[in-house]
Each structure stands twice: as C-alpha cells, then as structure tokens.
Amino acid sequence: MNIEGLDYNTQREKLILPEYGREIQKMVDHAVSLPTKEERQACAEAIIDIMYQMFPQSRENEDYIRKLWDHLAIMSNFKLDIDYPYDVTAAKEISERPAPLPYPMTRIPVRHYGKMVFELFEQLKNMPEGPERDELMQYTAMQMKRNLLQWNHGSYDDERIVADLEHFTDGVIRVTADKLRLSSVNAKDFANPQGNNKKKK
C-alpha cells in the first residue's frame with residue numbers, strides 16, 4: 001500500500017554499507033557532489049568523525065581508522081576525489097562480491113549413505129582381490145551402518161548392509177555378515193548425539 005507523503009525503505013535505493021545507515025550515505029553522496037576539493041576534503045573528514053563515534057567498541061583495533069576511510073571510499077563508489085590519508089585501492093577487493101561457489105549436484109541412488117560411501121563403492125569395484133580390498137570393504141560396511149544408524153533410516157540390520165554392498169558394487173563384493181563383523185557399531189551411539197556430551201550427575 002502506498003500512502004502519499006510516506007517514504008518506505010523498500011522503495012529507496014539499496015544501501016552500499018547498511019551498517020552506517022541512510023543518513024551517512026546521504027552525507028557521502030553530498031560530499032561527492034561538492035564542487036571543490038577543499039570542500040570535499042572537509043566534508044569527508046567530518047563524515048569520518050561521525051562514523052568514528054558510531055562504533056566505540058571498535059576503536060581499540062589498530063586499523064580502525066583505516067577501515068573507516070576504506071568504507072568511505074566504498075560508499076562513494078570510489079568517486080570521492082579527496083586526499084585520502086591511507087591507500088584505499090585495496091578497498092575495491094572488499095567491495096567486490098566473490099563469485100558464487102558451484103554447488104555439487106552429484107546424483108546418488110540413496111542419500112542416506114552419502115557421496116563418500118558411493119565413492120568407496122567405486123573404489124571397491126576396481127580393486128583386485130586381496131587384503132587391501134578386504135580392509136576397505138570392512139571400513140565401507142562400517143560406515144554404511146553408521147550412516148543408517150545416524151539417520152535412523154528404517155532397518156539397519158547387517159543383512160541389509162551386505163545386500164546393499166553387493167548391489168552398489170554391481171555384484172563385485174559378495175560377503176557374509178559374519179565376515180564383516182559389524183556388531184561393534186551400536187544404535188546407542190547415535191540414540192541421542194546431543195546428550196552424549198552432557199556430564200553425568
């Protein structure tokens with residue numbers, strides 16, 4: 001709803017550094033518009049004094065004043081032509097947003113095992129028989145049971161793990177539950193993960 005005479009923040013230009021507020025941004029814009037360098041310099045120094053008073057808890061930092069000048073340059077979009085007491089060229093790196101990191105969207109057949117377990121399946125499929133593969137097989141089966149217990153994903157009996165291990169390695173790994181020795185992983189370990197750290201009275 002628009003009411004004549006009212007100015008909503010949602011309708012205003014987005015602030016470059018919101019922590020300083022709109023009034024400081026207006027001062028910076030005014031400083032940029034001043035015709036002479038002497039006027040701009042005096043105005044900039046006055047703005048820095050106000051910014052300095054806004055966050056007294058930060059004054060103990062050695063580079064606090066330098067940071068304020070950097071922020072002033074950023075808020076002016078580096079258009080404020082004055083004699084800065086510090087080199088503010090590095091502030092451009094602060095003002096530039098980093099490129100978004102690509103999110104891995106690897107599809108896996110069942111999410112409760114996770115990507116790492118499926119990478120282990122692939123390794124098992126390509127390894128020759130021997131003690132090294134047996135050791136990795138044991139580790140993979142133990143991790144599968146941990147994941148099933150942690151996410152409480154239906155049945156987590158050893159026979160299911162044996163069947164999944166064979167299925168997801170395309171039949172390369174065929175083993176009995178007795179050989180895997182999975183009894184050392186218990187449901188109690190994951191029953192209340194937040195409560196495990198509480199001290200007993």
Side-chain angles (χ1 to χ4, degrees), residues 1-108 110-120 122-123 139 143 146-147 150-153 189-190 192-200:
M1 179 176 66
N2 292 328
I3 301 177
E4 187 176 352
L6 292 182
D7 186 15
Y8 294 95
N9 276 334
T10 53
Q11 299 171 332
R12 297 176 177 178
E13 187 177 351
K14 188 175 180 180
L15 294 174
I16 299 173
L17 293 178
E19 59 267 34
Y20 290 105
R22 194 165 298 279
E23 293 305 315
I24 295 294
Q25 183 63 57
K26 287 181 179 179
M27 294 179 192
V28 176
D29 295 340
H30 173 69
V32 173
S33 69
L34 292 173
T36 67
K37 191 169 186 177
E38 290 74 14
E39 290 176 294
R40 292 192 296 271
Q41 189 75 38
C43 187
E45 292 173 3
I47 294 170
I48 291 294
D49 287 340
I50 297 172
M51 292 166 66
Y52 181 80
Q53 300 298 326
M54 291 179 68
F55 304 104
Q57 69 277 10
S58 301
R59 296 177 193 170
E60 296 179 2
N61 298 337
E62 294 181 1
D63 60 344
Y64 180 53
I65 296 295
R66 181 176 192 140
K67 181 179 179 181
L68 293 179
W69 285 101
D70 284 343
H71 287 178
L72 178 65
I74 291 170
M75 285 190 287
S76 71
N77 285 319
F78 302 92
K79 296 178 181 177
L80 184 57
D81 181 18
I82 59 171
D83 293 325
Y84 287 92
Y86 303 96
D87 181 10
V88 296
T89 54
K92 291 185 179 180
E93 298 178 5
I94 302 173
S95 63
E96 294 176 357
R97 292 186 177 183
L101 294 173
Y103 188 81
M105 296 298 290
T106 306
R107 293 186 177 274
I108 55 178
V110 286
R111 291 180 179 270
H112 52 266
Y113 282 143
K115 182 181 177 183
M116 186 189 79
V117 171
F118 276 88
E119 289 176 352
L120 294 174
E122 290 299 317
Q123 290 185 45
Y139 171 81
Q143 187 61 45
R146 289 192 191 97
N147 289 5
Q150 188 172 8
W151 296 105
N152 194 23
H153 202 281
D189 299 333
F190 299 95
N192 185 17
Q194 293 182 346
N196 290 341
N197 295 328
K198 292 183 180 178
K199 294 182 179 178
K200 293 182 180 180

Worksheet item: Do the side chains of Leu68 and Tyr20 get nearer than 4.5 Å, heavy atoms only?
Response: yes
Worksheet item: Nearest 0.5 Å, what's the NE2-CD1 distance between His71 and Ile16?
Response: 12.0 Å
Response to the item:
Taken to the nearest 0.5 Å, the spacing of Met54 CE from Met51 CE works out to 8.0 Å
Discussion item. Show the nearest heavy-atom pair for residues Gly114 and Asn147, with the distance to one decimal.
Written reply: N-ND2, 4.5 Å
Response to the item:
So CG of Leu80 and CD of Gln41: to nearest 0.5 Å the spacing works out to 8.0 Å
Fill in: Closest approach of Thr36 to Glu39 (non-hydrogen atoms, all atoms of both residues)
OG1-OE1, 2.9 Å
Discussion item. Using only atom types and a distance under 3.5 Å, with no angle test, would you say the side chain of Arg40 pairs donor to acceptor with the backbone of Ile82?
Written reply: no
Discussion item. For Ala44 versus Leu72, what's the shortest heavy-atom pair and its separation?
Written reply: CB-CD2, 3.9 Å
Worksheet item: Does a side-chain heavy-atom distance below 4.5 Å link Ile50 with Glu23?
Response: no
Worksheet item: Out of curiosity, Lys67 NZ to Ile74 CD1, how far, rounded to the nearest 0.5 Å?
Response: 10.0 Å
Item to complete: For Leu34 and Cys43, work out which heavy atoms get closest and say how close.
Response: CD1-CB, 3.7 Å
Worksheet item: Got a second to check how far Asp29's CG is from Asn77's CG, nearest 0.5 Å?
Response: 8.5 Å
Worksheet entry | Residue pair Asp87, Arg66: steps toward the side chain to side chain contact (heavy atoms under 4.5 Å, CB included) verdict | CA-CA 9 Å; Asp87 181 10; Arg66 181 176 192 140; 4.2 Å; yes
Fill in: Smallest separation among heavy atoms of Ser76 and Tyr84, with atom names
OG-OH, 4.2 Å
Worksheet entry | Ring geometry between Tyr52 and Tyr64 (parallel below 30°, tilted from 30 to 60°, perpendicular above 60°) | tilted
Practice prompt. Find the distance between CE (Met27) and CD1 (Ile48) and round it off to the nearest 0.5 Å.
Written response: 12.0 Å
Discussion item. Are the side chains of Asp70 and Tyr86 in contact, using a 4.5 Å heavy-atom criterion?
Written reply: no
Worksheet item: Using a distance-only test with no angle check, is there a side-chain donor-acceptor pair under 3.5 angstrom linking Gln53 and Asp49?
Response: no
Item to complete: Identify the two heavy atoms, one from Gln143 and one from Met116, that lie closest to each other, and give their separation to 0.1 Å.
Response: CG-CE, 3.7 Å
